[in-house]
Amino acid sequence: MMLAAKIVLVALCALLVLVILLQSGRSAGLSGVITGGSNQTTNRRAKGLDSFLGKVTVVLAILLFLVTMLIAAFYHYNIH
């Protein structure tokens, strides 16, 4: 049981890093290159793929937290 939880934790970590790296930054585009990401991009809302990746990031982060708490509970109650 503990081994399966650890494998899931490593897979979630890798997926979370991958999803975060796939997202575009706030200063993406030509205006970010020229102005260094000024206030023009602060009121933009994420659309399309960025919105989807943002939601996936939140779900993966919550799952990562829950699996980490599960592993901590396994160690606390000596379930190996």
Side-chain angles (χ1 to χ4, degrees):
M1 187 73 151
M2 179 67 89
L3 180 63
K6 288 180 181 179
I7 290 171
V8 169
L9 184 68
V10 170
L12 282 173
C13 288
L15 282 173
L16 188 60
V17 168
L18 180 68
V19 169
I20 289 172
L21 289 176
L22 285 175
Q23 295 178 14
S24 63
R26 297 227 183 259
S27 62
L30 188 58
S31 66
V33 172
I34 295 171
T35 62
S38 67
N39 293 335
Q40 295 174 354
T41 60
T42 56
N43 292 331
R44 278 191 2 201
R45 298 191 71 188
K47 295 182 181 171
L49 185 61
D50 283 339
S51 176
F52 175 72
L53 290 176
K55 292 174 185 174
V56 170
T57 302
V58 170
V59 169
L60 287 176
I62 291 170
L63 288 174
L64 183 79
F65 176 75
L66 292 175
V67 171
T68 303
M69 290 295 114
L70 181 69
I71 290 174
F74 284 162
Y75 274 118
H76 180 70
Y77 295 112
N78 290 325
I79 299 172
H80 296 281

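Please read these numbers as outputs of a predicted model, since none were measured by experiment. Reckoned from all heavy atoms, side chains included, excluding hydrogens, waters and symmetry mates. Just so you know, residue 1 is the first one in the sequence shown, and it goes up from there.
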### Task
Just grab all the side-chain hydrogen bond (donor to acceptor under 3.5 Å, both in side chains) pairs involving residues 54-63, residues at least two apart or on different chains.
Gln23-Thr57
### Query
Hey, which of Val17, Ile20, Val19 is the one that makes side chain to side chain contact (heavy atoms under 4.5 Å, CB included) with Leu60?
Val19
### Task
Spell out, yes or no, whether Ile62 and Ile71 are grouped together once hydrophobic residues are joined by side-chain heavy atoms under 4.5 Å, including indirect joins.
no
### Query
Quick one: CD1 on Ile79 to CG on Leu70, what's the gap to the nearest 0.5 Å?
8.5 Å
### Query
Under a single-linkage definition using a 4.5 Å side-chain heavy-atom cutoff for Ile, Leu, Val, Met, Phe, Trp and Tyr, are Val8 and Phe65 assigned to the same hydrophobic cluster?
no
### Query
Just how far is it from atom CZ of Phe74 to atom CG of Leu3, taken to the nearest 0.5 Å?
11.5 Å
### Query
Same cluster or not: are Leu49 and Val59 linked, directly or through other Ile, Leu, Val, Met, Phe, Trp or Tyr residues, by side-chain heavy atoms under 4.5 angstrom apart?
yes
### Task
Might you point out which heavy atoms bring Leu16 and Ala61 nearest each other, and give the distance in Å?
CD1-N, 4.1 Å
#### Entry: Distance, nearest 0.5 Å, that separates CG of Leu63 from CG of Leu9
11.0 Å
#### Entry: Shortest non-hydrogen separation from Asp50 to Ser24 and the atoms involved
OD2-OG, 2.8 Å
### Query
Tell me the side-chain hydrogen bond (donor to acceptor under 3.5 Å, both in side chains) pairs involving residues 60-78, sequence neighbours left out?
Lys6-Tyr75
### Message
Taking side-chain hydrogen bond (donor to acceptor under 3.5 Å, both in side chains) as the cut-off, I'd like each qualifying pair that reaches into residues 12-22, sequence neighbours left out, listed once.
### Response
none
### Message
Do Leu66 and Met69 sit in one hydrophobic cluster, given that two such residues count as connected whenever their side-chain heavy atoms are within less than 4.5 Å of each other, even indirectly?
### Response
yes
### Query
Mind checking whether Val58 and Phe52 sit in one hydrophobic cluster, side chains of I, L, V, M, F, W, Y counted as touching below 4.5 Å?
no
### Query
In Å and rounded to the nearest 0.5 Å, what is the CD1 to CE distance from Ile7 to Met2?
12.5 Å
### Least distance between heavy atoms, Cys13 atom then Leu64 atom
SG-CD1, 3.5 Å
